[in-house]
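I have placed the structure first, in the form of structure tokens, so that the comments after it can refer back to it.
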Amino acid sequence: MAADTLKSTTGAGGGATAVRRLLLDNGALTALIVLLIAMSALSGDFLTTDNLLNVGVQAAVTAILAFGVTFVIVSAGIDLSVGSVAALSATVLAWSATSHGVPVVLAVVLAVATGIAAGLVNGFLIAYGKLPPFIATLAMLSVARGLSLVISEGSPIAFPDSVSHLGDTLGGWLPVPVLVMVVMGLIAAFVLGRTYIGRSMYAIGGNEEAARLSGLRVKKQKLAIYALSGVFAAAAGIVLASRLSSAQPQAADGYELDAIAAVVIGGASLAGGTGKASGTLIGALILAVLRNGLNLLSVSAFWQQVVIGVVIALAVLLDTVRRKAGAPVAAGTGGGGKGRQAVTYGLAAVVTVAVVGATSFLHNGSSSTSNPKVGLALSTLNNPFFVQIQSGAKAEAKKLGVDLTVTDAQNDASQQANQLQNFTSSGYDAIIVNPVDSDAAGPAVRAADKAKIPVVAVDRGVNKATTNTLVASDNVAGGELAAKTVAEKLGGTGKIVILQGQAGTSAARERAEGFAKGLKAFPGIQVLAQQPADFDRTKGLDVMSNLLQAHPDVQGVIAANDEMALGAIKALGSKAGKSVQVVGFDGTPDGLTAVKNGTLYASVAQQPSELGRIAVDNALKAFQGKKVAETVKVPVKVVTEENVAGFTG
């Protein structure tokens, strides 16, 4: 009787305990299920086949990078170089295959070898040079990115067509990047769970000294571990470049942080000894679902960064709670729990499909807004020029009754491709794109064309794709005007320096081309130096300060935007507007204020608010089937102290 009572009591509480244990043991999976259900309930556009495939595509590059980083983190290391190594590997492939006629198969081998070489250098510095992994891989991050820019000369390189098919779909619906992600995930799982080097990773991460004393050749194993990370980085770079149809020297910038976040969210510990490929995949999917869903919900790009940061913190907190509760460690080396794990994943899939399917009825029969939906994909909102484009677009959208969704690509061509795909899969009525890079935007714009969604390009055109219209100022003509303005102010003779924009961006290339063309008419102007300051005010200050040490006799400065010009003015101090004439570009509010104050001689203003206004107007006309001009040129204007009072931008 007592035994029966005890059994009954245990059973009564056992269900709740089992559920709690299941949730704690699979924190990342639980979070993914909750996210899927929440996004399905909040957005009727989320639960579509096209959008779910988009999520898979958008997770692919991060996941492949993260699989390689999993090896490193399991062994208690860190690899900050994977994003730069991915860009370098893709650049080597494109450069060798297109510029030097190397057979594509051999070019792919060279790209993978580049990743392996970078990983071996990391491993050697860490294992034999005794450098901390953070420092060694941070150095490689800079070296690999620099080599990518050197090889490409700062410009994107077209990707071979035979390799670009990796960015396509099979049967017109199944994305190849998703298949590559799955294959690489299976390889990672096999390495971790079924190989000697996989067991070595866990042993080194658990206790390196004990692993060494037990006879494990730790130094050689670390070489192999970082080389493996390099292989996965190379694969991710090839997939990314295939999606963009070009190797971008600035591609995958900051992706190493996403990769590390995916591994940690997936249950691995930065202290080493734990982690598994399935958890990493779930972590990458969580990040992709978050970004996709927040785009669909029109959440501000700035708030998206906040939300993702909070999710990463919560994931680590959940892992801490799980460990304190005594949940088993996700080492991935045991065999007994694999059957239970498979059952757990299967049960999770069934529950997710059932609940998500039920939430879809929330959107059935709901009346959608009658206002046209237009998506505006901006290259960045960290620059006042593009903020003004957004302001002009929003004002016009409000006036015309258009629902406008704005996204910020943060100068990442891949992220912008994801955002454009989200607009397309959600059935937006029209899309406005301000490309990070004209070549990289092509595939996503072609997908929108295929879906019969009109596309308007603003400020920069889109290559190898059809847009209904291009609303832009002429960057080359503007560059010529800037050169002419400073040359004439100096009387046709003098010494100047040029602050260039971010290497690899079309705006930087076109404005630099304009500067060169304009200066040809003034042989008396000597260019002392040309240095990139990445369209950034702080970098403009630093670069100009450095140049002044070598060229104290400088008389003029041409900057590819007002932000860099304002940084240069700060470096020049009292010389600005007196012994040194500075000309900027864009006509931003701060730039115009500097013109009024006399420290900035002139700004070549593109009237960004007008660009945004006209873009929305043309997008609505294209959606309504009205005829729009193939190109709408918004004239640039040189704004000086004489005419700044009447200029509004």
Side-chain angles (χ1 to χ4, degrees), residues 301 372-400 402-413 415-417 419-420 423-424 428-442 444-446 448-449 453-478 501 505-511 535 561 585-588 604-623 628-637 649:
K373 290 172 61 179
V374 176
L376 170 58
L378 287 170
S379 57
T380 181
L381 281 172
N382 292 331
N383 185 311
F385 176 77
F386 300 105
V387 174
Q388 284 184 280
I389 289 180
Q390 175 187 236
S391 299
K394 282 186 173 181
E396 187 69 5
K398 185 176 180 181
K399 175 184 171 184
L400 298 176
V402 170
D403 288 338
L404 184 69
T405 299
V406 182
T407 60
D408 173 13
Q410 300 174 356
N411 279 323
D412 181 347
Q415 188 170 333
Q416 186 169 67
Q419 292 162 353
L420 291 171
F423 288 152
T424 300
Y428 273 63
D429 297 311
I431 295 172
I432 303 170
V433 58
N434 160 238
V436 172
D437 181 82
S438 299
D439 292 317
V445 172
R446 289 198 297 271
D449 292 339
I453 298 175
V455 179
V456 172
V458 62
D459 187 48
R460 305 163 189 165
V462 179
N463 297 337
K464 298 180 181 179
T466 302
T467 56
N468 293 69
T469 188
L470 167 63
V471 181
S473 302
D474 192 329
N475 275 316
V476 176
T505 60
S506 54
R509 293 195 304 272
E510 291 166 3
R511 293 179 186 186
F535 293 128
N561 79 337
F585 210 116
D586 285 344
T588 62
V604 179
Q606 288 190 286
Q607 306 183 75
S609 296
E610 191 71 0
L611 288 173
R613 184 191 69 78
I614 295 174
V616 170
D617 184 57
N618 278 264
L620 182 60
K621 286 179 179 177
F623 163 64
V628 293
E630 187 174 330
T631 304
V632 179
K633 286 290 183 184
V634 178
V636 293
K637 184 176 183 179

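Just so you know, residue 1 is the first one in the sequence shown, and it goes up from there. Just so we're clear, the structure is a prediction, and the values are computed from it rather than from any experiment.
Looking at R613 and D617, no side-chain N of the basic residue comes within less than 4.0 Å of a carboxylate O on the acidic one, giving no salt bridge. Between K398 and D403 no salt bridge is recorded (no basic side-chain N to carboxylate O distance below 4.0 Å).
To the nearest 0.5 Å, the span separating CZ on F385 from OG on S379 amounts to 9.0 Å. One distance of note links CG of N618 with CG of L470; it measures 10.0 Å at 0.5 Å rounding. Once rounded to the nearest 0.5 Å, the distance linking CG of N468 with NZ of K621 reads 13.0 Å. The line from OG1 of T380 to CG of N382 is 4.0 Å long, rounded to the nearest 0.5 Å. Here the straight-line distance linking atom CD1 of I389 with atom CD1 of I614 works out to 11.0 Å at 0.5 Å rounding. Atoms CD and NZ, on Q607 and K637 in that order, are 7.0 Å from each other to the nearest 0.5 Å.
Residues S473 and V636 approach most closely at CB-CG1, 3.6 Å, considering heavy atoms. Nearest heavy-atom pair across A472 and L611 is CA-CD2, 3.8 Å. Among all heavy-atom pairs drawn from A430 and I453, the shortest one is CA-CG2, 3.9 Å. Summarising the geometry of A377 relative to L420, their closest heavy-atom pair is CB-CD2, 3.8 Å, with the distance given to 0.1 Å. In terms of heavy atoms, A448 sits closest to I431 at CB-CD1, 4.1 Å. When every heavy atom of V634 is checked against every heavy atom of Q606, the shortest pair comes out as CG1-O, 3.9 Å.
Between D586 and P608, the closest side-chain pair of non-hydrogen atoms is not below 4.5 Å. Counting heavy atoms from C-beta outward, V471 and V456 have side chains that approach closer than 4.5 Å. Counting heavy atoms from C-beta on, the side chains of V433 and Q416 come closer than 4.5 Å. Looking at heavy atoms from C-beta onward, Y428 lies out of side-chain contact with V374 at the 4.5 angstrom threshold. Residues K373 and F423 have side chains not in contact (no heavy-atom distance under 4.5 Å, counting atoms from C-beta outward). In this structure the side chain of N383 never reaches within 4.5 angstrom of the side chain of L381, judged on heavy atoms.
Judged as a salt bridge (charged side-chain N to carboxylate O under 4.0 Å, His left out), and not counting sequence neighbours, K394 has no contacts. The side-chain contact (heavy atoms from CB on, under 4.5 Å) check on K633 picks up D474, T631, with sequence neighbours excluded.
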* List the steps, then state whether side chain to side chain contact (heavy atoms under 4.5 Å, CB included) holds for D449 with V455. => CA-CA 7 Å; D449 292 339; V455 179; 4.1 Å; yes

* Asked: Can you check side chain to side chain contact (heavy atoms under 4.5 Å, CB included) on L378 and D408, steps first, answer last?
  -> CA-CA 5 Å; L378 287 170; D408 173 13; 5.7 Å; no

With a 3.5 Å cut-off and sequence neighbours excluded, list the donor-acceptor pairs that the side chains of residues 457-467 form with protein atoms.
from	atom 1	to	atom 2	distance (Å)
R460	NH1	P435	O	2.7
N463	ND2	D439	OD1	2.8

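When atom types are taken as modelled, the side chain of T469 and the backbone of A629 share a donor-acceptor pair closer than 3.5 angstrom.
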